[in-house]
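Working notes, structure below.
Any value given below was found using the heavy atoms of this structure, including those in side chains, with hydrogens, waters and symmetry copies removed. Order of the sequence lines sets the chain letters (A, B, ...), proteins ahead of strands, with each chain counted from 1.
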Amino acid sequence: MIDNSENKEPVKKSNFIHSQIEKDLQEGKNDGRVHTRFPPEPNGYLHIGHAKSICLNFGIAEKFGGKCNLRFDDTNPSKEEMEYVESIQKDVRWLGFDWEDRMFYASNYFEKLHEFAIKLINEGKAYVDDQDAETISKQKGTPTRPGQESPFRNRTVEENLDLFRRMTLGEFDEGSRVLRAKIDLASPNMHMRDPIIYRIMKAHHHRTGDKWCVYPMYDFAHGQCDYWEGITHSICTLEFEVHRPLYDWFIDQLKDSDYRPRQIEFARLNLTYTIMSKRKLLELVKENYVNGWDDPRMPTISGLRRRGYTPESIRNFSERIGVTKVDGMIDVSLLEYSVREHLNKTAQRVMGVLNPLKVVITNYPENQEEELDAINNPEDESMGTRKVPFSKELYIERDDFMEEPPRKFFRLAPGREVRLRYAYFVTCTDVVKDENGEITELHCTYDPASKGGNSPDGRKVKATLHWVSAKHAVKSEVRLYDRLFNDEDPSGHKDVDFKEFLNPDSLKILPDCYVEPFVKASKPLDHFQFERLGYFSLDYDSKTEKPVFNRTVPLRDSWAKAQQNK
RNA sequence: UGUCCUGUGGUGUAAUUGGCAACACGUCUGACUCUGGAUCAGAAGAGUCCAGGUUCGAGCCCUGGCAGGACAACCA
C-alpha cells in the first residue's frame, strides 16, 4: 500500500474484485489486459450509488493500468432521452474521470446485434414466438416450477428467418411477436428459460431515430457490447448475479478466441434516509416534490454538486465504504463526514449571520469604521487573510444571546463579556425589547484595548461570536436543508409508499441573512465555511443584489448535541 | 417448498498459505483552542449467525442447520 499520509487522502483499499482481477492477471487471461466500463442507462440522472460504481470501474482501470469506457445502455427507447446522456457525461467528468475517446452506446451495435440474432436463428438457437406477454410469462413457470415449451418453439429456420425479417421491417404490431433464445425451459434459473432477446417497439430512439422496429433486450446486448469493446471485467450490481449464466451463454455463442469478458457483481450502495431508485427519484421530480433532478436535497450527483459537495469528498466516501457483496446500509453521516473533512481543509472562512439580532456598541464612535484582519483558512496558511469591516452597529446570531443563560451556555448574556471574532471584547449592558417582549436590540460596550481579539491584561473570555457590520452586510438568502426523508429506509416498507416519509422540513428558506462583503465576488458553487455554522455554497439562483447560499452541511456542534440529548 | 448470493462491535470494511479479531465512522471522556469547529490523547463496544467436526490452534477448512436477499417486465 502507498503511504499517502501527506495529503491525507484515505489509503486506497483493495477489495474482492481487485483480488479476482489480480488472479486473472496471474493466470495470464486476456493477454494481461484490464478493461472495464461504466454502463448507465440514460433514463435518469446519476446518483451517489452510481458514483460508487464510477469510482470502482475507473479506479480499477487506474490501478491496473487499464482502460474504462463510458457506455450508454440505450436499448429501451421508450425511457431514454438525450437530456440524460448529457447530464451523465457532465457528472462523470465532474467527479474527475476521463473516458478519453471511448464513449459508446449500445445502439452503436444494433446492426451487429441483429446479425448475431440471425446467426442464432440459423443455428437453431433462436425462434420467433407469436404468443403475447402474458402467455409467455405463464409458460415460463415459477422459480420452483419448471416452464413449458412454446408451441412455436420448433419452427423451421426458414420460417423464423422470414418472421424475424418481417418483425424488423415493422410488419407486425408491438407485442405480437418476440424473438427468443432456445435454451432450457426446465432450468432452475428463470433467465435460461428461453429468454426474450428482441421485441417489437415502434418508438423513436434518441440516436437511431425511426430506423428500428425491433430492439434488443438488456441481456442480449450487454455482454455482446462488452465483448466487442474488449471489456475484460464487466462489473455490475448484485441483482444481475442470476443473469450471469445467460451472459456467459451468449459469450459462448460469440467468442472465437481465448478472450472473454467476465461479469463480477458487487452490492449497490444503500444510504440511510435516502432513496436510490431512479424510478422513485423520477417520481419526485415529475410530481414536483423536489425542484428538479439537481435539487440540493436529491442524492443525485447534480444535487450533491449544487448542495456544495466536492468531487474529492464523494471519491473519498466511495473509497471509505469499500466494495463487497454484502447488501447493507451506509449511514449518511459518513457521507457528511467526508464533505466536512474536505471542506475543512479547503473552504474559505467567512462570517455570516442567519438569524440576525442587532447590536449597538454604545461607546464606539458614531461614524467610525475600521478594517480588521481575518484569517481565510486556519487549516491552510497559504490562503492568506482578508479585511473585515467593523462599525458601531452589528448583527450577531440570535442564538448567541440568552437573557437567562443556563449553565454551560458560554455565549452572550446580560453583563457578560465575549469576544467578537477578530474584533473586540464586548460586554452586554442593555436588552431592548418591543411591546411584545421580543428582544429587538442589544446594547454593548467594547474594550478598545482588545482590538484584534486579545486583551492586553490577558483576561480570558469563554466565547467567540461571529458578527457582521450592519452597514456593510450583504443581505442574502440562505437555504437550510435537512434530510429529504424522516425514515431510515423510506423504500423498505412493504405497505407504505416511500413518499409518506418525505420530511416536511427538508427545506427552510431564510430570506434575511447578513454575510460579510467578501462574498460579493463569488461565483455559483464556490464553497465557504460560515464560521461556527457550517459549510455553504453559492447557488445558481443568486443575483448580484442578493446572493443565495445553500447549506451543504452544518459544522459539528457539541452544544447543540448536548441540548438535544437533554 | 427450486437456483444463486450473503451472514465479523451501533454502521461500514480488514484479518498473506489456519496463529493474540484490526481500521474508519458513530458514541463517551479529557487536553488544547480567537470557530462549543479543527486538532490531540484516551475509553467503552464484537469473540466472528447457530451446532457439531478436523487441528496444538478455526472468522478462515469440513458437515448439518438458521437467518436475510436476489430471480417468475416484451425494464435495465
Side-chain angles (χ1 to χ4, degrees), chain A residues 10-11 13-15 39-41 43 73-76 78-80 106 129 132-134 136-138 140-147 174-180 187-193 195-201 214-215 217-219 221-222 236-245 265 267 272 278-279 320-331 333-338 340-341 344-345 349 351 374-375 378-379 408-411 418-423 425 450 452-454 460-466 529-534 554-562:
Chain A
V11 176
K13 290 196 279 187
S14 187
N15 59 53
E41 182 188 11
N43 66 344
D73 224 326
D74 57 349
T75 56
N76 184 358
S78 68
K79 290 184 178 173
E80 296 150 6
D129 195 331
D132 60 29
E134 200 188 338
I136 292 177
S137 167
K138 267 188 193 142
K140 272 198 180 170
T142 69
T144 53
R145 223 193 297 271
E174 281 189 18
S176 64
R177 271 173 248 257
V178 290
L179 184 68
R180 291 226 255 170
S187 171
N189 184 330
M190 295 294 292
H191 298 277
M192 300 300 272
R193 323 242 264 226
I196 291 167
I197 60 180
Y198 262 98
R199 76 288 214 189
I200 298 169
M201 275 184 109
V214 290
Y215 289 91
M217 299 288 289
Y218 164 85
D219 284 309
H222 204 99
C236 62
T237 46
L238 251 28
E239 67 269 28
F240 293 101
E241 212 154 19
V242 276
H243 293 237
R244 194 167 65 226
E265 311 84 14
T272 54
K278 276 204 260 181
R279 201 208 86 225
R320 241 185 286 264
I321 60 177
V323 179
T324 63
K325 300 188 75 156
V326 185
D327 189 21
M329 173 93 75
I330 309 262
D331 199 318
S333 68
L334 192 58
L335 217 209
E336 294 174 346
Y337 168 82
S338 298
R340 285 199 192 97
E341 178 192 47
N344 174 47
K345 288 182 290 190
R349 307 292 129 120
M351 291 193 283
I375 295 166
E379 306 288 319
K408 294 211 174 169
F409 180 86
F410 304 141
R411 286 110 94 151
V418 298
R419 170 169 38 232
L420 294 180
R421 178 143 234 222
Y422 301 126
F425 282 16
S450 64
N454 288 301
K460 298 278 181 202
V461 103
K462 279 209 120 174
T464 301
L465 269 42
H466 60 276
Q529 184 196 98
F530 286 9
E531 294 217 32
R532 304 209 304 135
L533 295 175
L555 247 31
R556 284 184 61 206
D557 185 347
S558 52
W559 163 253
K561 186 180 281 176

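Under the 90° criterion around 0 for the glycosidic angle, B:rG47 counts as syn. Under the 90° criterion around 0 for the glycosidic angle, B:rA73 counts as syn.
Residue A:T75 is classed as a sugar-phosphate contact, given heavy-atom separations below 4.0 Å to backbone atoms only. Looking at heavy-atom distances under 4.0 Å, A:G175 makes contact with a base. Residue-level contact check: A:P378 touches the bases, meaning some heavy atom is under 4.0 Å from a base atom. A:S187 comes within contact range of no nucleotide atom at all, as no heavy-atom separation falls under 4.0 Å. Heavy atoms of A:R411 sit under 4.0 angstrom from at least one base atom. Within the nucleic acid shown, A:V323 comes within 4.0 Å of sugar-phosphate atoms alone, with no base atom in reach, counting heavy atoms only. At a threshold of 4.0 angstrom between heavy atoms, the contacts of A:F409 include nucleobase atoms, whether or not backbone atoms are also involved. Nucleic acid contact for A:V178: base, since at least one base atom lies under 4.0 Å from a heavy atom of the residue. Nucleic acid contact class of A:Y337 (heavy atoms, under 4.0 Å, all strands): sugar-phosphate only. A:N43 comes within 4.0 angstrom of no nucleic acid atom, judged by non-hydrogen atoms across all strands. A:R279 comes within contact range of no nucleotide atom at all, as no heavy-atom separation falls under 4.0 Å. Within the 4.0 angstrom heavy-atom criterion, base atoms lie near A:Y422. Note on A:K462: nothing from the nucleic acid sits closer than 4.0 angstrom, heavy atoms only. Within 4.0 Å of A:S137, counting heavy atoms only, lie sugar-phosphate atoms of the nucleic acid but no base atom.
Across all strands shown, the partner of B:rA22 is B:rU13, judged by Watson-Crick or G-U wobble contacts whose two distances both fall under 3.5 Å. Pair check for B:rA31 finds B:rU39; Watson-Crick or G-U wobble, both atom distances under 3.5 Å. Across all strands shown, nothing is found opposite B:rG59 as a Watson-Crick or G-U wobble partner with both distances under 3.5 Å. Figure legend. B:rG64 is base-paired to B:rC50; pairs are counted as Watson-Crick or G-U wobble with both atom distances under 3.5 Å. Pairing of B:rC71, defined by two Watson-Crick or G-U wobble distances under 3.5 Å, is identified with B:rG2.
Taking every heavy atom of both residues into account, A:N43 and A:E80 meet most closely at CB-CG, 4.3 Å. Closest approach of A:S176 to A:I200, counting heavy atoms only: OG-CD1, 3.9 Å. Closest approach of A:E379 to A:N344, counting heavy atoms only: CG-O, 3.3 Å.
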| message | If you apply the rule salt bridge (Lys or Arg N to Asp or Glu O under 4.0 Å), what do you find for A:E134 with A:K138, and how did you get there? | response | CA-CA 6 Å; A:E134 200 188 338; A:K138 267 188 193 142; 3.5 Å; yes
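Each of A:K325 and A:R419 was assigned the nucleotide of RNA chain B with the nearest heavy atom; the assignment lying further toward the 5' end belongs to A:K325.
Aromatic ring pairs are classed by plane angle as parallel below 30°, tilted from 30° to 60° and perpendicular above 60°; the pair A:Y218 and A:H243 is perpendicular.
Between the C1' atom of B:rG12 and the CG atom of A:L335 lies a distance of 13 Å, rounded to the nearest Å. Atom pair A:H222:NE2 and B:rA76:P shows a separation of 11 Å (rounding to whole Å applied). Whole-Å rounding puts the A:R193 CZ to B:rU3 P distance at 12 Å. Put simply, OH on A:Y198 is 12 Å from P on B:rA76, counting in whole angstrom units. Per the geometry, CD1 belonging to A:I330 stands 11 Å off C1' belonging to B:rA24, to the nearest Å. For A:W559 and B:rG37, the CH2 to P distance is 13 Å, given to the nearest whole Å. Across the protein-nucleic acid pair, A:I196 atom CD1 and B:rC74 atom P stand 4 Å apart, rounded to whole Å. Rounded to an integer number of Å, the gap from CG of A:N76 to C1' of B:rA76 is 8 Å.
When the C1' atom is compared between B:rU33 and B:rA38, the two are found 9 Å apart, to the nearest whole Å. A gap of 15 Å separates the C1' atoms of B:rC60 and B:rA22, to the nearest Å. Taking atom P on both nucleotides, B:rU6 is separated from B:rC49 by 14 Å, rounded to a whole Å. Between B:rU63 and B:rG68, the distance separating the two P atoms is 24 Å to the nearest Å. As rounded to the nearest Å, B:rA24 and B:rC40 have P atoms that lie 11 Å from one another. The separation of B:rG59 from B:rA72, taken at their C1' atoms, amounts to 36 Å, rounded to a whole angstrom. The separation of B:rC74 from B:rA67, taken at their C1' atoms, amounts to 36 Å, rounded to a whole angstrom. Straight-line distance between the P atoms of B:rG19 and B:rG10: roughly 24 Å, to the nearest whole Å.
Ion pairing between a basic and an acidic side chain is recognised when a charged N comes within 4.0 Å of a carboxylate O; A:E41 and A:K278 show no such pairing.
Looking at the side chain of A:V326, the nearest of the listed nucleotides B:rG37, B:rG7, B:rC74 is B:rG7. Side chain of A:D331, nearest nucleotide from B:rC74, B:rU11, B:rU13: B:rU11. Set against B:rG36, B:rA14, B:rU35, the side chain of A:T324 has B:rA14 as its closest nucleotide. Here B:rG26 is the nucleotide among B:rU13, B:rG26, B:rG12 with the atom lying nearest to any side-chain atom of A:R556.
A donor-acceptor pair under 3.5 Å is formed between the side chain of A:R193 and the backbone N or O of A:T142.
For A:E336 against B:rG26, a side-chain-to-base donor-acceptor contact under 3.5 Å is absent. For a distance-only test at 3.5 Å, the side chain of A:Q529 qualifies as a donor-acceptor partner of the base of B:rU35. Side-chain to base pairing of A:R320 with B:rU13: no donor and acceptor N or O lie closer than 3.5 Å to each other.
With sequence neighbours excluded, no residue forms a side chain to side chain donor-acceptor pair (under 3.5 Å) with A:T75. Every residue two or more places apart in sequence or in another chain was checked for a side chain to side chain donor-acceptor pair (under 3.5 Å) with A:D557, and none qualifies. Not counting sequence neighbours, A:F425 has no partner by the ring-ring contact (aromatic ring centres under 6.0 Å, His included) test.
Between the side chains of A:R419 and A:T464, at least one donor N or O lies within less than 3.5 Å of an accepting N or O. Under the 3.5 Å distance criterion, with hydrogens and angles disregarded, no donor-acceptor pair is assigned to the side chains of A:S187 and A:N189.
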| When every nucleotide of nucleotides 41-47 of chain B is labelled 5' to 3' by its protein contacts under 4.0 Å (heavy atoms), B for base, S for sugar-phosphate only, - for none, what sequence of letters results? | -------
| message | What does the B/S/- profile of nucleotides 28-33 of chain B look like, 5' to 3', with a 4.0 Å heavy-atom cutoff to protein? | response | S-----
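Under the 4.5 Å side-chain criterion, counting only non-hydrogen atoms from C-beta, A:M217 is not in contact with A:V178.
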Could you go through nucleotides 69-71 of chain B and list every protein N or O atom that sits under 3.5 Å from one of its N or O atoms, giving the distance for each pair?
from, atom 1, to, atom 2, distance (Å)
B:rC71, O2', A:H191, NE2, 3.1

